[in-house]
Amino acid sequence: MERMLSVGQEALWLLYRMAPQSAAYNVAWAMRVRGSLDVTALCQAFGLVAGRHDLLRSRFAEREGTPRRIVCDEPISPLEIRYAANADDERVRELVHDEIAKPFTLETDGAARLVLLQVGAGDAALVLVTHHIATDFASLSLVVRELFQAYQAVRAGAEPDWQPLRHTYDDFVTAERRMLGSARGEEMAAYWRSVLADAPTGLELPLDRPRPAERRYAGAVHTFQLPADVVEGLQPAARAARVTPVRHLIGVFQALLQRYTGQDDFLVGCDAASGMSLAHRGVVGYYTNRVMLRARCDAFTTFADLVAGVHRQLTEGAPHTDFPFSMLHRALGLPSRSGTAGLGQAAVSMITVNPADPLVALATRSHGSEVDHAGLSLTALDMPQQAGQSDLTLEVIRSRTSVHCAVKYDADLFLPGTIRRMGDHFVRLLRAAADDPGRRVSSVELVDQTERERLLAFATGRPHLAEGASR
């Protein structure tokens, strides 16, 4: 049975065809599982979830140049079992990483797989990997939740207590096509033409390496936790600006990009769920869209100015977030090949964890998070993933007590040390913004004494200065 793709899925299919060996669009959830795991029940549970959501049992193909989704009656990929007897923690992480980094062959393998790494008696690692064409964060969380609901039901000899689905992903695709072909679709296109009129489509980030002629979508990730004092200051700073902490963080990220590029006008992508998303109704699918935020920042711009600009644009743009990012190049009259590549050079993704749902908290990959569930002890494994989609992406996972950051970057463009320093500078700017929102962004000294001495040592060829600075 063949189905049409959404506009976002069509864009992902094109990216897949351009770089079929890339894992940049693999979305994963991984955890260490300790306890008496019933492997047979887990396998049956995965089959039940795949039976409920047809994107988990779909292949993809082209018909006369048009991508199509082919829905299979049965799950394409059953539970895969690997054996890693007595592997230490480092080796387990390596094996989990290998599973996440394994590219999909969407034409034959579909877009989802569940892998169990058997380490020892009562010790395993469970890895769920999907291609982004089938899920986004909300959908992956849904799959995780239903997988364990089904696991508990199977072990009890019962059926999962699920409400029947009243919609399918096809309903989303149909609604999107109808909207884009209507006056409403043209209204949204006109809105983005107005907001982005004459905006520069390139971000002049200082690269460590020349940009290759052909992009490989090869990425890497630098992760770090915001220090406790920065986390504590985040809520008061946002409250003072009358914005959410998420919008405050985005404004400071814009400040970071301005300091690195020197541009007074640039665009940053912000990932958001489509307003037509059916994930809240329990339907797995790809609903993520990217909206563009325009930052204007000169020598007099303050942190408060940037944060207010983010708040205003997200508020005014909320009714227009359903316009597909992949269609912006056409709406703006940009060449299709380079349009969205330039628009998407830097992006930010913000996730807020609901503490009332511990399984979803684990799905956010907050490393070391633990929960007892279904008679098992589950520990999250924070694994690098989804890197290389853009030149630079900041992912922030915020809970009530912590903020986990992941800077995902194109490894063909940046060196790890550059990205680590960028993370340090982001923290420095967050502190400055919390201490004095009215401070000019241009006035903050990004280089501390230690880094200044290291730079001096490098410039003068006197390594003893760098050694002294590192002590």
Side-chain angles (χ1 to χ4, degrees), residues 137 141 221-260 268 270-272 293 302-311 314 346-371 379-386 392-409 419-439 441 443-448 450-451:
F137 172 75
S141 302
V221 182
H222 168 58
T223 62
F224 59 97
Q225 296 284 132
L226 290 187
D229 67 295
V230 176
V231 175
E232 291 171 3
L234 182 58
Q235 188 73 43
R239 189 182 301 117
R242 298 183 178 181
V243 301
T244 65
V246 163
R247 295 184 178 188
H248 177 81
L249 285 164
I250 295 173
V252 178
F253 181 60
Q254 288 182 334
L256 177 71
L257 293 176
Q258 196 283 326
R259 292 298 301 272
Y260 266 71
V268 180
C270 181
D271 290 341
L293 300 177
T302 66
F303 289 103
D305 293 334
L306 284 177
V307 170
V310 169
H311 178 68
L314 286 176
V348 60
S349 175
M350 298 283 171
I351 300 170
T352 300
V353 177
N354 180 4
D357 194 336
L359 281 178
V360 172
L362 286 180
T364 62
R365 308 175 303 280
S366 299
H367 187 71
S369 301
E370 296 183 9
V371 63
T379 306
L381 297 175
D382 178 20
M383 302 300 299
Q385 59 174 288
Q386 301 180 66
L392 191 72
T393 300
L394 172 67
E395 179 187 81
V396 176
I397 300 174
R398 178 176 171 267
S399 69
R400 185 173 296 171
T401 58
S402 67
V403 178
H404 176 83
C405 299
V407 182
K408 305 178 180 183
Y409 60 99
I419 302 302
R420 284 195 299 271
R421 287 191 295 275
M422 187 177 290
D424 293 341
H425 294 160
F426 180 56
V427 172
R428 183 175 288 268
L429 289 170
L430 283 170
R431 284 198 175 103
D435 290 343
D436 182 6
R439 184 175 180 179
V441 172
S443 72
V444 180
E445 182 65 59
L446 292 184
V447 180
D448 61 17
T450 299
E451 188 173 356

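Considering every non-hydrogen atom in both A433 and V252, the closest pair reads CB-CG2, 3.9 Å. Taking each heavy atom of T302 and V441 in turn, the nearest pair found is C-CG2, 3.9 Å. The minimum heavy-atom distance linking P437 with A434 is given by the pair CD-O, 4.3 Å. Contact record, A432 with V444: CB-CG2, 3.8 Å, taken as the closest heavy-atom pair. In terms of heavy atoms, H404 sits closest to Q225 at ND1-OE1, 2.7 Å.
Side-chain contact check for I250 versus C270: some heavy-atom pair is nearer than 4.5 Å. Annotation: side chain of E395 is not in contact with side chain of D271 (no heavy-atom distance under 4.5 Å). At a threshold of 4.5 Å between non-hydrogen side-chain atoms, the residues V221 and I419 do not count as touching. No side-chain heavy atom of D424 sits under 4.5 Å from any side-chain heavy atom of F224. No side-chain heavy atom of Q386 sits under 4.5 Å from any side-chain heavy atom of S349. In this structure the side chain of F253 never reaches within 4.5 angstrom of the side chain of V396, judged on heavy atoms.
Distance CG/L306 to CG/L293: 11.0 Å, rounded to 0.5 Å. One finds the CG atom of L249 at 7.5 Å from the SG atom of C405 (value rounded to the nearest 0.5 Å). The CG atom of L234 sits 5.5 Å away from atom NE2 of H248, with the distance rounded to the nearest 0.5 Å. Note that CD of E445 and CZ of R428 are 7.5 Å apart. Values are rounded to the nearest 0.5 Å. Considering OG1 of T244 and CD of Q235, their distance stands at 9.0 Å, rounded to 0.5 Å. Rounding to the nearest 0.5 angstrom, the gap separating the NE2 atom in H222 from the CE atom in M422 is 10.5 Å.
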Working for side chain to side chain contact (heavy atoms under 4.5 Å, CB included), residues L226 and V427: CA-CA 7 Å; L226 290 187; V427 172; 3.9 Å; yes
Exercise for the section: Report the C-alpha separation of R431 and D229 in whole Å, then their side-chain angles, then the decisive distance to 0.1 Å, and conclude whether the side chain to side chain contact (heavy atoms under 4.5 Å, CB included) test is met. Expected result: CA-CA 8 Å; R431 284 198 175 103; D229 67 295; 2.8 Å; yes
One pair to check against side chain to side chain contact (heavy atoms under 4.5 Å, CB included): V243 and V310. What are the steps and the verdict? CA-CA 9 Å; V243 301; V310 169; over 6 Å; no
**OP:** Would you please test L394 and F426 for side chain to side chain contact (heavy atoms under 4.5 Å, CB included) and show each step?
**Re:** CA-CA 10 Å; L394 172 67; F426 180 56; 3.8 Å; yes
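Ring geometry for Y260 versus H425: interplanar angle of 30 to 60°, hence tilted.
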